[in-house]
Asks: 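First the structure, which I've put down as structure tokens, then a few questions once you've had a look.
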Amino acid sequence: MDIRIEQGRAEKYPCELLLLFSFELPERLEGPFQDVNLEWKGFISTLMKQGDFKGELFECRLFYTQGTLPAKRVLLTGLGKREEFDLEKWRGASSKAGQFIRNSGFKQFAFPIKEFDSFSEEELTESFVIGLLLGIYQFNEFKTLERDKIKEIEEVIILGETAEEMKLLKDGIRTGKIISESVYMARDLINGPSNQITPTVLAGKAQEIAKDHGMEIQVFEISQAEAMGMGAFVAVAKGSQEPGKFIILEYNKGKGLDTIALVGKGITFDSGGISIKPSENMDRMKDDMSGAAAVLATMQAASKLQLPFHLVGIMPTTENLPSGKAYKPGDILKTLSGQSVEVISTDAEGRLILSDALTYSLRYQPKAIIDLATLTGACVIALGDYVIGLFSNDEPLLKRIEEASGKTGEKVWRLPLWDEYFEYLKSDVADFRNVGTRAAGAIIGAIFLSKFVEKVPWVHLDIAGPASIEKERPYIPRGGTGVGIRLVLQLLRDWKRN
Ligand code: BES
Ligand code: ZN
Ligand code: ZN
């Protein structure tokens, strides 16, 4: 889809469809909404008086102009109560308008943008593009029947007036597109089934990103990982015929910039291994690489946005399957850190592959480590599929994440990392076990990880809930969401400001 800017006024602009937004029953009409109303001889005032359009949040009403305006149609979309407005609602309304336009079969629309209150045109444009693009995402790659029925918007024209405005719109579109395209890439990888999206494919994707953006890349095969001492990662990978890959992508290497390590869980399919999962809903476990997908996507966007960091993306990727070579409950593994782990459940594989990845990240002496992982079912029980479980050993870093979350709408909720929880992980035969009790499962998973980050400021994002969703949200369709990407990008974009 092409998003472009044009100089022009809404009420004078000829197009297939003109999109306008309004708050709920505003005291007076403002901006382009009022301009169109006046040109339209007060038609919008009339229909609001008649109750044909109230401006309720996400309300969409289409009107045909019959030659009374240069635009052939006008779509009015509601923003809800003015005092409750924020960018999250704006992204939702942009998406709802886009879905309405697409589902109605229209291919093109124009939309005037104007700043209001404290919201600049640039940030409104960026959020409009993000809400729109993320909301109309579809995963149709494997559908072969009735492909001609797939509807898509082909062109969006954003209208500005002055040269200064056009510059702001252009920047907003650019940023919004970069971020959305990265989220699309992650969603495609997450929605892609595990027979297509193997560790080899993820490594190939990382190679492609490295090549396109001049990043450094290293991909360790299992034999290399074994020689390096990554006993935990290797144990998980050995259960599958599909070769595991330990992927390291580096952006802005050797430029003397602050280093941030991004670590993502990349289990392309989690059957549970010998501690096999029940078959009901096991298909969902193709999303167990959502953390790795988020890291890839974040690196790609960070590079396009030229964020001033040395970013190291570390993605241990493998399947978790039962086989004659699979690791087993009771096995004792030697991790890269030198610490030993007694395997209680082979289904707690995420923390094992991450333990080696976290240890590996310490080589880069990062200022901060951020890991993203679909780590525990317990986190889904605790927080549902709306909220990311947030854990941190560093208050300032935690604050940064919470602030970024407030901006992107990817909700986070902190859970504790108190020492007492470590009791559950004590082992008779090794340094610790990979599973504690069922109670406090998300916390115990995080406590396990904390043993591998030493004193480095670290956040663990347990995205098991929001990584893929059953019920769509305003700008997040069913399926893989790409959660965490916008959050980490926002954190990086605001890093110097805070
Ligand atoms: N990938 C799962 C976690 C998961 C569960 C993600 C449901 C999304 C939805 C993880 O590897 C796992 O199986 N964790 C176990 C840990 C347990 C054995 C301590 C779990 O949560 O049951
Ligand atoms: Zn598992
Ligand atoms: Zn898993």
Side-chain angles (χ1 to χ4, degrees), residues 190-191 194 197 199 202 232-233 235-237 239-240 244 263-294 315-322 326-331 341-357 371-389 391 415 421-422 424-427 432-449 460-471 478-481 483-484:
I190 297 164
N191 290 328
S194 72
I197 309 297
L202 288 180
F233 170 62
V236 177
S240 170
V263 178
K265 171 175 172 181
I267 297 289
T268 57
F269 187 74
D270 184 9
S271 72
I274 298 293
S275 316
I276 199 159
K277 286 181 181 294
S279 52
E280 201 181 317
N281 295 331
M282 205 202 269
D283 55 294
R284 196 204 143 172
M285 284 300 127
K286 68 175 182 178
D287 80 4
D288 213 18
M289 35 57 78
S290 297
M315 293 150 276
T317 66
T318 168
E319 293 185 328
N320 183 26
L321 291 187
Y327 76 132
K328 305 171 291 298
D331 286 1
V341 180
E342 179 189 8
V343 177
I344 301 299
S345 168
T346 62
D347 197 11
E349 83 297 339
R351 61 197 73 180
L352 294 175
I353 65 167
L354 288 173
S355 67
D356 284 343
D371 83 68
L372 300 108
T374 44
L375 202 73
T376 66
C379 197
V380 193
I381 302 295
L383 299 174
D385 70 1
Y386 201 55
V387 179
I388 301 171
F391 301 83
L415 292 167
Y421 287 105
F422 185 59
Y424 298 111
L425 287 177
K426 295 243 159 99
S427 162
F432 34 88
R433 341 174 344 145
N434 76 332
V435 163
T437 50
R438 265 168 69 92
I443 299 172
I444 293 169
I447 289 276
F448 183 95
L449 298 181
H460 160 55
L461 301 170
D462 192 334
I463 56 172
S468 67
I469 57 174
E470 295 282 329
K471 197 175 162 339
R478 269 164 62 85
T481 61
V483 74

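No hydrogens, no waters, no symmetry mates; every other heavy atom, side chains included, goes into these values. When a ligand or atom number is given, it counts from 1 through the structure's own listing order.
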Asks: Looking only at distance, does D288 have an N or O less than 3.5 Å from an N or O of ligand 1?
Replies: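 Looking only at distances, the answer is yes, because the N/O contact criterion of under 3.5 Å is met.
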
Asks: Determine whether a donor-acceptor pair (N or O, by modelled atom type, separation under 3.5 Å) exists between the side chain of Y327 and the backbone of G239.
Replies: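 Not a single qualifying donor-acceptor pair exists.
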
Asks: Can an N or O of T376 be found at a distance shorter than 3.5 Å from an N or O of ligand 1?
Replies: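 Looking only at distances, the answer is no, because the N/O contact criterion of under 3.5 Å is not met.
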
Asks: Using a 4.0 Å cut-off to any heavy atom of M285, which atoms of ligand 1 qualify?
Replies: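 Listed by number with element: 1 (N), 4 (C), 5 (C), 6 (C), 7 (C), 8 (C), 9 (C).
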
Asks: Run the numbers for me: atoms of ligand 1, each under 4.0 Å from some heavy atom of T374, listed by number.
Replies: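 Counting from 1, the qualifying ligand atoms are 1 (N), 2 (C), 3 (C), 6 (C).
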
Asks: With heavy atoms only and a cut-off of under 4.0 Å, state how S345 meets ligand 1: side chain, backbone, both or neither.
Replies: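 For S345, only side-chain atoms sit under 4.0 Å from ligand 1.
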
Asks: Check each heavy atom of L375 against ligand 1 and say whether those closer than 4.0 Å belong to the side chain, the backbone, both or neither.
Replies: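 Looking at L375 and ligand 1, just backbone atoms fall under 4.0 Å.
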
Asks: Checking the N or O distance criterion of under 3.5 Å, is ligand 1 in contact with K277?
Replies: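 It does: an N or O of K277 is found under 3.5 Å from an N or O of ligand 1.
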
Asks: Return a yes/no value for R284: is any of its N or O atoms, backbone included, closer than 3.5 angstrom to an N or O of ligand 1?
Replies: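 It does not: no N or O of R284 is found under 3.5 Å from an N or O of ligand 1.
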
Asks: Are the side chain of D287 and the backbone N or O of I190 linked by a donor-acceptor pair below 3.5 Å?
Replies: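 Answer holds: no.
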
Asks: Quick check: does any side chain N or O of K286 sit under 3.5 Å from a backbone N or O of N191, one acting as donor and the other as acceptor?
Replies: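 Here the side-chain-to-backbone pair exists.
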
Asks: Return the minimal non-hydrogen interatomic distance between R433 and V435, and the atom names on each side.
Replies: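 Closest heavy-atom pair between R433 and V435: NE-O, 3.1 Å.
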
Asks: Would you check if the Zn ion (ligand 2) lies under 2.8 Å from any N, O or S atom of E349?
Replies: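 Yes.
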
Asks: Of all N, O or S atoms in D270, identify the one at the shortest distance from the Zn ion (ligand 3).
Replies: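 It is OD2, the N, O or S atom of D270 closest to the Zn ion (ligand 3).
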
Asks: Kindly identify the option in G465, A467, G377 whose heavy atom sits closest to atom 21 (O) of ligand 1.
Replies: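 The residue whose heavy atom sits nearest atom 21 (O) of ligand 1 is G377.
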
Asks: I'd like to know if the side chain of S271 reaches the main chain of I276, judged simply by a donor and an acceptor atom lying under 3.5 Å from each other, with no hydrogens or angles considered.
Replies: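 Checking the backbone N and O of I276 against the side chain of S271, no donor-acceptor pair under 3.5 Å is found.
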
Asks: What's the shortest distance from atom 2 (C) of ligand 1 to any protein heavy atom, and which residue and atom give it?
Replies: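 Its nearest protein heavy-atom neighbour is D270 OD2, 3.5 Å.
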
Asks: If you count the atoms of ligand 1 from 1 in the order shown, which ones are under 4.0 Å from a heavy atom of A464?
Replies: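 Listed by number with element: 6 (C), 8 (C).
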
Asks: Spell out, as yes or no, whether a donor-acceptor pair under 3.5 Å connects the side chain of S240 to the backbone of A237.
Replies: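 Not a single qualifying donor-acceptor pair exists.
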
Asks: I'd like to know if the side chain of D462 and the backbone of A446 have a donor-acceptor N/O pair within less than 3.5 Å.
Replies: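 It does not hold such a pair.
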
Asks: Would you check the N or O atoms of R351, main chain and side chain alike, for any that come under 3.5 Å of an N or O of ligand 1?
Replies: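 No - when backbone and side-chain N and O of R351 are compared with those of ligand 1, no distance drops under 3.5 Å.
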
Asks: Would you say P329 and S275 make side-chain contact, with heavy atoms under 4.5 Å?
Replies: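 Touching, per the 4.5 Å side-chain cut-off.
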
Asks: For ligand 1, which atoms have a heavy atom of E349 less than 4.0 angstrom away?
Replies: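 By the 4.0 Å cutoff, the relevant atoms are 11 (O).
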
Asks: Return yes if some donor-acceptor pair links the side-chain N/O of N434 with the main-chain N/O of E349 below 3.5 Å, else return no.
Replies: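 Side chain of N434 to backbone of E349: no pair is present.
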
Asks: Checking one value in my table: which N/O/S atom of D288 lies closest to the Zn ion (ligand 3)?
Replies: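 When I compare the N, O and S atoms of D288, OD2 is nearest to the Zn ion (ligand 3).
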
Asks: Atom CG of D270 and atom CG of D347: how far apart are they, to the nearest 0.5 Å?
Replies: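 Spacing of CG (D270) from CG (D347) equals 5.0 Å.
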
Asks: Using modelled atom types only, decide if a donor and an acceptor are shared between the side chain of D288 and the backbone of I267 within a distance under 3.5 Å.
Replies: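 Pair absent, no side-chain N/O of D288 close to backbone of I267.
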
Asks: I need the atoms of ligand 1 closer than 4.0 Å to a non-hydrogen atom of K265, numbered in the order shown.
Replies: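 What qualifies from ligand 1 is 1 (N), 10 (C), 11 (O).
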
Asks: V341 and F432: side-chain contact (heavy atoms from CB on, under 4.5 Å), yes or no, with the steps?
Replies: CA-CA 5 Å; V341 180; F432 34 88; 4.0 Å; yes

Asks: With a cut-off of 2.8 Å, does any N, O or S atom of I267 fall short of it relative to the Zn ion (ligand 3)?
Replies: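 Checking I267: none of its N, O or S atoms is under 2.8 Å.
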
Asks: Select one of side chain, backbone, both or neither to describe which atoms of D347 lie under 4.0 Å from any atom of ligand 1, heavy atoms only.
Replies: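 Contact part for D347 vs ligand 1: both backbone and side chain.
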
Asks: Please state whether R438 comes within less than 4.0 angstrom of ligand 1, counting heavy atoms only.
Replies: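 So R438 does not count as touching ligand 1.
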
